[in-house]
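These notes are about the structure you will find just below.
Note that the coordinates shown come from a computational prediction; the quantities given were computed from them, not determined experimentally. To find a chain, count down the sequence lines: A is the first, B the second, and so on, and within it residues start at 1.
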Protein chains: 2
Amino acid sequence: MPLDPHTTATICQDEDAEQIAILNEHLIDPSTANRLAEVFKALSDPNRLRLISLLLENEVCVHTLEATLGMTQSAISHQLRHLRQLNLVRFRKEGRHVYYALDDDHVRGLFKQGLLHVEHG
Amino acid sequence: MPLDPHTTATICQDEDAEQIAILNEHLIDPSTANRLAEVFKALSDPNRLRLISLLLENEVCVHTLEATLGMTQSAISHQLRHLRQLNLVRFRKEGRHVYYALDDDHVRGLFKQGLLHVEHG
DNA sequence: TCAATACATGAACAAGTTTTCATGTATTTT
DNA sequence: AAAATACATGAAAACTTGTTCATGTATTGA
C-alpha cells in the first residue's frame, strides 16, 4: 500500500506496458522542463530573493538596492541583468537613475506561495 | 510615473529616511531568504523537474524512473538522495524494489503553479 | 570642461552542482 | 552457492553560478 495519500498507483517494472504508458503521460517534455527550471532557478538564490522582496510593492533605483541589501553595486547590477534577461524585472531610466520593478505578476505569485510554505512550516 | 501597475511607490536616494524604512519592512530576513532559496533550488533543475513530474500522482520504483527518464541509474539515485535530504520525497522498500513518492504537498503546489505560468505564457 | 555620481559589463576566480565511473550491499533466482 | 537484478554511494570530472575587480558609458554639478 502506498505511503502517500495523494498517490493513485504504484508503478514498477517494464513488464506492464499500460502502467508505463500512464507514467509517460505525466512526464513533462524537455522544453517545458527547461523553461520551468529557468523560472525556479531565478528564485533559487538568497540574494536574488531579497532583491525581489524589495521590488514586490515598489520600484527602486539601483543605488538604494545596493544600500539596502548591503551588496556591491556590481553584484546588484549583475543580478538585475540576470533577472532582466528572464523578463522578470523591467526598468526605466530617469536622469542618471534607473528604476527597477517586477515585470510580471507570475514572480510575485510564486514568491508569495513559496513564502507561505516556508513561513508556516 | 511607475511602469508596473502593481507598484505603489518609487523609492530612491538615501535622503528620504521614511521611504527607506518602508523599503526595509519589505526586505525578507536572511534566514527566510535561505530557506526559500532551498525550496526553489530543489525545483531548479530540468531533470529533477521531470523526475518530480513522474511522482506527482504515482509512486514509482527507481528502475522505472531510470527507464522513463533515460538517465543513468546512478544519476537518478543521486538526485533522489538530494530530494530525500530536503524531505521532498520519501521511499519504502519492498523486496528488492524501492518505491519513491512525493513527501509533501508543498512541492506539488509549487510545481503546478509554476507549470501554469510556463504553459499559458 | 573637469570631477563626481549612477549604473553596466567583461574577465577571472571561487564555490557549488550534476553527471559519470567504479564499486559496494541487499535481495532474488537458478 | 553463484549469478543476476535493484539500488546506493564515494570520488573525480565537467559544467554552472555568484562575486569581485577593473574599467567603461552616461548624466549631472561645479
How would you list, by chain and number, every residue that makes a salt bridge (charged side-chain N to carboxylate O under 4.0 Å, His left out) with A:Lys93, sequence neighbours excluded? none
Without decimals, in angstroms, what is the distance between B:His63 NE2 and C:dT28 C1'? 15 Å
Within the side chain of B:Arg48, is there an N or O that forms a donor-acceptor pair under 3.5 Å with the backbone of B:Gln79? no
Taking A:Arg50 for the side chain and A:Leu69 for the main chain, is one N or O donor matched with an acceptor at less than 3.5 Å? yes
Nucleotide C:dT19, atom C1' - distance to CG of B:Leu51 in whole Å: 14 Å
I'd like to know if the side chain of B:Thr8 reaches the main chain of A:Glu57, judged simply by a donor and an acceptor atom lying under 3.5 Å from each other, with no hydrogens or angles considered. yes
Quick one: does NZ or CZ of A:Arg84 land under 6.0 Å from the six-membered ring centre of A:Phe91, within 45 degrees of the ring axis? yes
First-last contacting nucleotides on DNA chain D - partner chain B, under 4.0 angstrom, heavy atom: D:dT5 to D:dA11
Is the side chain of A:Ser44 donor-acceptor paired with the backbone N or O of A:Lys41 at a distance under 3.5 Å, no angle test? yes
I'd like to compare against my own output: the B/S/- annotation of nucleotides 11-17 of chain C with a strict under-4.0 Å heavy-atom distance to protein. B-----S
Treating B:Thr64 as the side-chain partner and B:Val60 as the backbone partner, does any N or O pair qualify as donor plus acceptor under 3.5 Å? no
Below 4.0 Å: OP1/OP2 of C:dT20 and any side-chain N or O of B:Thr72: yes
Judged by each residue's nearest nucleotide on DNA chain D, which is more toward the 5′ side, A:Asp45 or B:Leu80? B:Leu80
Heavy atoms from C-beta onward define the side chain here; which of C:dT29, C:dT19, C:dA4 lies closest to that of B:Arg96? C:dT29
In terms of side-chain heavy atoms, does A:Asn34 have a donor or acceptor partner in A:Ser31 at a distance below 3.5 Å? no
Report the distance from atom CD of B:Gln73 to atom P of C:dT20, rounded to the nearest whole Å. 12 Å
Under 4.0 Å, heavy atoms only, any strand: does A:Tyr99 hit a base, just the sugar-phosphate, or nothing? nothing
